[in-house]
Amino acid sequence: LCRRYLQSGQGLPQWATVLTIEWPWVMVEVVVFLLPLLILAVFRGHKKDKNAGSGFSKMSVRAIPMMLTLAVAMALANLLLGDLIAGLTGQTYADVHVFSALLAEYPSVWAVLFAVVVIPTVGGQLLFGDSLLRVYAPCGGIPALSVCALMYSLLTGTPETLPGTFISMLVFLYVSRAFNSVWAGLFSHGAYSVIHLLLLYVAGAYSGQELWSVVTLVMLFLMGLFLYLAMHSMEQLIEKGVLCRLEHMRKDPVINNIVFSPGLWMTVFLFVFNWVA
């Protein structure tokens with residue numbers, strides 16, 4: 001809701017006019033990610049958590065090639081999926097992305113890095129890849145990762161960018177879980193955020209123009225190439241036993257923890273109210 005308010009650029013409160021427009025964006029990102037994380041940390045301080053999250057084990061150096069290639073592939077996939085869906089509605093990717101208003105008028109580099117890269121990466125991985133994942137862990141690996149990725153994409157995406165954001169976050173949560181290290185998720189998500197930011201500038205410069213079709217073909221080729229390299233690296237890591245297996249799905253916790261999760265349905269309601277109503 002706050003992002004939508006800033007995107008409109010109308011009726012900003014008096015205190016916001018003292019700052020340049022990009023710093024309120026940073027404050028919004030803090031509220032979206034870090035405030036819930038702080039609240040959950042307080043609750044966890046009063047109640048011992050039996051469900052283990054990904055933890056902060058040392059990240060395997062051998063995993064870096066896989067994580068880097070996955071980050072590039074997911075950034076390209078996110079943009080291409082968003083551009084395809086936006087094209088079906090007669091828009092461009094730059095028109096529908098949530099950060100387009102922030103990047104439109106040469107904002108502060110630090111503000112952009114905080115709002116687009118640092119806070120979503122750190123807050124997203126700690127909030128969804130560790131704290132909330134503990135809540136859904138009894139459901140099994142795939143349901144827990146899927147619902148956490150869905151909630152992240154509902155909070156950060158638009159209807160056009162939702163599929164790409166969901167797939168990307170699902171991959172980064174899997175990386176964090178498979179390596180049993182939040183550091184792995186932070187590293188891959190951070191690399192993805194930097195590359196995605198660069199692609200946003202490319203989309204802002206070329207989307208809607210005749211050259212954009214050539215740019216998308218190049219991006220499609222690069223996505224396939226980096227996805228192949230990522231799968232090859234993952235295959236080698238599986239053979240060496242570096243990756244951990246996900247837990248099996250358990251039906252009863254899925255119904256109790258996901259189907260009857262008020263927080264999940266409230267997030268869905270806010271997304272629909274924000275972007276459709």
Side-chain angles (χ1 to χ4, degrees), residues 1-10 12 16 19-30 32-33 68 71-121 123-124 152-169 172 189-226 271 274-275:
L1 291 172
C2 292
R3 286 201 194 99
R4 187 65 174 267
Y5 188 64
L6 282 173
Q7 278 184 304
S8 66
Q10 299 176 353
L12 290 175
L19 301 170
T20 52
I21 188 65
E22 59 265 18
W23 287 107
W25 277 92
V26 176
M27 297 175 191
V28 167
E29 297 301 292
V30 169
V32 169
F33 291 108
L68 285 176
V72 177
M74 289 301 101
L76 291 166
N78 194 336
L79 188 146
L80 291 171
L81 275 174
D83 181 64
L84 176 63
I85 297 172
L88 295 175
T89 61
Q91 298 174 292
T92 66
Y93 184 78
D95 295 331
V96 300
H97 200 277
V98 69
F99 285 118
S100 294
L102 170 62
L103 304 175
E105 297 182 357
Y106 303 103
S108 165
V109 174
W110 289 110
V112 170
L113 289 176
F114 274 115
V116 184
V117 177
V118 177
I119 299 175
T121 298
Y152 176 88
S153 57
L154 288 172
L155 283 172
T156 61
T158 64
E160 294 81 7
T161 62
L162 182 66
T165 305
F166 170 76
I167 294 172
S168 301
M169 189 61 177
F172 301 137
H189 196 165
Y192 158 86
S193 297
V194 172
I195 298 164
H196 192 206
L197 176 60
L198 297 175
L199 291 176
L200 282 176
Y201 280 108
V202 173
Y206 294 103
S207 61
Q209 300 182 15
E210 294 182 1
L211 190 60
W212 181 242
S213 58
V214 178
V215 175
T216 53
L217 286 176
V218 173
M219 289 183 178
L220 186 62
F221 169 77
L222 290 175
M223 183 192 72
L225 174 63
F226 280 97
F271 178 83
N274 188 22
W275 297 108

(request) Write out all pairs satisfying side chain to side chain donor-acceptor pair (under 3.5 Å) with one or both partners inside residues 74-86, taking only residues at least two apart or from two chains. (result) Asn78-Tyr192, Asp83-Trp212
(message) Within the structure provided, determine whether Val202 and Met219 are in side-chain contact (heavy-atom separation under 4.5 Å).
(response) yes
(request) Please examine the side chains of Leu84 and Thr216, heavy atoms only from C-beta on, and report whether any two atoms are closer than 4.5 Å. (result) no
(message) Before we go on, tell me: are the rings of His196 and Phe99 under 6.0 Å apart, centre to centre?
(response) no
(request) Might you work through the side-chain contact (heavy atoms from CB on, under 4.5 Å) test for Tyr206 and Tyr93, ending with a clear yes or no? (result) CA-CA 10 Å; Tyr206 294 103; Tyr93 184 78; over 6 Å; no
(message) So which atom in Val98 and which in Thr156 form the shortest heavy-atom distance, rounded to 0.1 Å?
(response) CG1-O, 3.5 Å
(request) Would you indicate whether the side-chain heavy atoms of Leu68 and Val72 approach each other to under 4.5 Å? (result) no
(request) Taking all non-hydrogen atoms of both residues into account, name the closest pair between Gln91 and Val96 and its distance. (result) OE1-CG1, 3.4 Å
(message) Counting only heavy atoms not in Tyr201 (residues, nucleotides, ligands), do more than 12 fall under 6.0 Å from its OH?
(response) yes
(request) Mind checking the NE2-CG spacing from His97 to Leu102? Nearest 0.5 Å is all I need. (result) 10.5 Å
(request) Taking all heavy atoms of Thr89 and all of Glu160, pick out the closest pair and write down the distance. (result) OG1-OE2, 4.5 Å
(request) For Glu29, check salt bridge (Lys or Arg N to Asp or Glu O under 4.0 Å) against everything at least two apart and list the hits. (result) Arg3
(request) Would you name the heavy atoms of Gly204 and Ala94 that are closest together and state the gap between them? (result) CA-CB, 4.0 Å
(message) Please report the interatomic distance CG(Leu79) to CD1(Ile195), rounded to the nearest 0.5 Å.
(response) 12.5 Å
(request) Give, for atom OG of Ser207 and atom CG of Leu199, the distance between the pair rounded to the nearest 0.5 Å. (result) 12.0 Å
(message) As an exercise, state the distance from OG of Ser100 to CG of Leu200, rounded to the nearest 0.5 Å.
(response) 6.5 Å
(message) I'd like to check Ile119 versus Val30 (side-chain heavy atoms, cut-off strictly below 4.5 Å). Are they in contact?
(response) yes
(message) I need the minimum non-hydrogen distance between Leu154 and Phe271, along with the two atoms involved.
(response) O-CD1, 3.2 Å
(message) Looking at every heavy atom in both Leu76 and Met223, which two are closest together, and how far apart are they?
(response) CD1-N, 3.5 Å
(request) Go through Leu103 and Leu197 one step at a time and tell me if the side-chain contact (heavy atoms from CB on, under 4.5 Å) criterion holds. (result) CA-CA 10 Å; Leu103 304 175; Leu197 176 60; 4.1 Å; yes
(request) Measure the shortest side-chain to side-chain distance between Met169 and His189 over non-hydrogen atoms and say whether it is less than 4.5 angstrom. (result) yes
(message) Nearest 0.5 angstrom please: Leu222 CG to Leu217 CG, how far?
(response) 11.0 Å
(request) Can you measure from CH2 (Trp23) to CH2 (Trp110) and round to the nearest 0.5 angstrom? (result) 9.0 Å
